[in-house]
Amino acid sequence: SRLSIFQKMILAPLIATLIFALYIIFVYKEQVISKEYMLSIEHDHFPIMNIANQNNILLDNVIKSFKDSVGAQEVEWLENTKIYKTNILRNIDTLFSYKVSADKLKELKQNFEIYFNYAMKLSLLMIKESNDFKEMENLSQSMSMSLNLVQKSFDTFKEQEKKKFVDKI
């Protein structure tokens, strides 16, 4: 059976409407998927990168505070380093709730605490003007090595997270 001219005239707009409706559904689904993808990036990567940046800034503040305390011969100023230490350790603890290697975080934490302990002991000896130069030399070397390790591990962590973010995009 053949279609009448009227049916043919209606068929073209119906097909166009159907194709347009399918296109609208496709665009809507893609928008939902994109929004979920962006939210996952925002939830998974931005906080981690922010904490990594904060820890680098806090580490610089720790280093500066130790230097300032020793330079001014002020034991009380060492309290500032403890505040920065608490913030760094709290940041690392926060990272445990994200998709970050627990072993890597434990290593960051341990390396920082080792550095901090050496730096605190050395600073106290220098402020008290100790005459035990051998101990100060040993502490200085240990502190320098541990500081280099901490800086490297913080920077490596930051770069790895940045790479994960770029790869995800």
Side-chain angles (χ1 to χ4, degrees), residues 30-169:
E30 286 298 313
Q31 179 193 15
V32 168
I33 290 169
S34 293
K35 184 176 180 181
E36 289 172 356
Y37 182 70
M38 291 304 293
L39 287 174
S40 77
I41 289 173
E42 185 178 325
H43 178 266
D44 294 342
H45 295 286
F46 287 161
I48 295 171
M49 290 174 48
N50 186 36
I51 289 172
N53 285 332
Q54 282 180 10
N55 277 354
N56 280 338
I57 292 167
L58 289 169
L59 181 60
D60 289 342
N61 289 338
V62 167
I63 295 166
K64 185 178 182 324
S65 291
F66 277 127
K67 288 179 182 177
D68 290 347
S69 298
V70 170
Q73 296 291 304
E74 292 288 340
V75 174
E76 295 82 24
W77 290 11
L78 292 174
E79 290 303 312
N80 293 338
T81 63
K82 293 177 184 176
I83 294 168
Y84 296 132
K85 174 187 177 184
T86 301
N87 290 335
I88 288 173
L89 296 177
R90 185 181 315 120
N91 281 347
I92 293 172
D93 288 340
T94 301
L95 290 172
F96 280 101
S97 65
Y98 293 96
K99 297 175 185 172
V100 179
S101 166
D103 291 339
K104 180 67 177 168
L105 295 177
K106 288 176 187 173
E107 180 184 334
L108 286 174
K109 196 173 191 176
Q110 180 181 17
N111 289 343
F112 174 73
E113 287 178 326
I114 290 170
Y115 155 72
F116 189 87
N117 291 335
Y118 282 136
M120 183 62 78
K121 288 177 187 174
L122 181 60
S123 296
L124 287 170
L125 281 177
M126 294 175 81
I127 290 171
K128 293 176 182 176
E129 298 181 358
S130 170
N131 290 329
D132 191 349
F133 297 112
K134 184 66 177 168
E135 183 179 3
M136 285 197 300
E137 180 184 347
N138 291 338
L139 279 172
S140 179
Q141 288 174 355
S142 298
M143 185 209 61
S144 293
M145 289 184 344
S146 62
L147 175 58
N148 288 336
L149 183 62
V150 169
Q151 287 174 321
K152 183 179 177 183
S153 61
F154 277 26
D155 288 341
T156 300
F157 177 75
K158 181 180 169 184
E159 289 305 313
Q160 287 172 345
E161 290 306 315
K162 184 177 178 182
K163 184 179 180 333
K164 286 181 190 176
F165 173 71
V166 169
D167 290 348
K168 178 99 177 187
I169 296 177

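Throughout, numbering of the chain's residues begins at 1 and tracks the sequence. Just so it is clear, the values below take in all heavy atoms, side chains as well, and ignore hydrogens, waters and symmetry mates.
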Item to check | Distance (rounded to the nearest 0.5 Å) between L147 CG and I63 CD1 | outcome: 4.5 Å
Checklist entry - Rounded to the nearest 0.5 Å, what separation is found between the NZ atom of K162 and the CG atom of D155? => result 11.5 Å
Checklist entry - Nearest heavy-atom pair of K164 and K99: which atoms, and what distance? => result NZ-O, 4.3 Å
Checklist entry - Counting only N and O atoms by type, is there a donor-acceptor contact under 3.5 Å from the side chain of S144 to the main-chain atoms of Q141? => result no
Next on the checklist: With heavy-atom distances below 4.5 Å as the criterion, would you say the side chains of F112 and L59 are in contact?
Outcome noted: yes
Checklist entry - Do the non-hydrogen side-chain atoms of N138 and K134 ever get within less than 4.5 Å of each other? => result yes
Checklist entry - Looking at side-chain heavy atoms only, is the closest gap between N50 and Q54 below 4.5 Å? => result yes
Next on the checklist: What I'd like to find out is whether the side chain of K85 reaches to under 4.5 Å of the side chain of Y115, using heavy atoms alone.
Outcome noted: no
Checklist entry - How far does CG of L58 sit from CZ of R90, to the nearest 0.5 angstrom? => result 9.5 Å
Checklist entry - Within a radius of less than 6.0 Å around CE of M49, do more than 12 heavy atoms belonging to other residues, nucleotides or ligands occur? => result yes
Checklist entry - Considering residues, nucleotides and ligands other than M136, do more than 12 of their heavy atoms fall under 6.0 Å from its CE? => result yes
Checklist outcome for this item: In this structure, CG of N111 is separated from OG of S153 (nearest 0.5 Å) by 5.0 Å
Item to check | pair K106-K109: side-chain heavy atoms closer than 4.5 Å | outcome: no
Item to check | Inter-residue atom distance E129.CD - Q73.CD, 0.5 Å rounding | outcome: 5.0 Å
Checklist entry - Checking side-chain contact (heavy atoms from CB on, under 4.5 Å) for the pair V32/E36: CA distance, chi angles, key distance, verdict? => result CA-CA 6 Å; V32 168; E36 289 172 356; 3.7 Å; yes
Checklist entry - So which heavy atom on L122 is nearest to which on S140, and how close? => result CD2-CA, 3.7 Å
Checklist outcome for this item: Taking every heavy atom of N55 against every heavy atom of N87, the minimum-distance pair comes out as OD1-O, 4.5 Å
Checklist entry - With a cut-off of 6.0 Å (strictly less than), are more than 12 heavy atoms of other residues, nucleotides or ligands near CZ of F154? => result yes
Checklist entry - Side-chain contact, heavy-atom cut-off 4.5 Å: L89 with F116? => result no
Next on the checklist: Using side-chain heavy atoms (C-beta onward) and a distance below 4.5 Å, is F157 in contact with I48?
Outcome noted: yes
Checklist entry - Roughly how far, to the nearest 0.5 Å, is CD of E161 from CD of E159? => result 10.5 Å
Next on the checklist: As a quick check of understanding, evaluate side-chain contact (heavy atoms from CB on, under 4.5 Å) for D103 and E107, giving each step before the final call.
Outcome noted: CA-CA 6 Å; D103 291 339; E107 180 184 334; over 6 Å; no
Next on the checklist: Looking at every heavy atom in both L105 and I92, which two are closest together, and how far apart are they?
Outcome noted: O-CG2, 3.7 Å
Checklist outcome for this item: side chain to side chain contact (heavy atoms under 4.5 Å, CB included) filter on L124, not counting sequence neighbours, yields V75, L78, M120
Checklist entry - Is any side-chain heavy atom of E79 less than 4.5 Å from a side-chain heavy atom of I83? => result no
Next on the checklist: Does Y98 form a ring pair (Phe, Tyr, Trp, His ring centres under 6.0 Å) with F46? I'd like the steps, not just the answer.
Outcome noted: CA-CA 11 Å; Y98 293 96; F46 287 161; over 10 Å; no
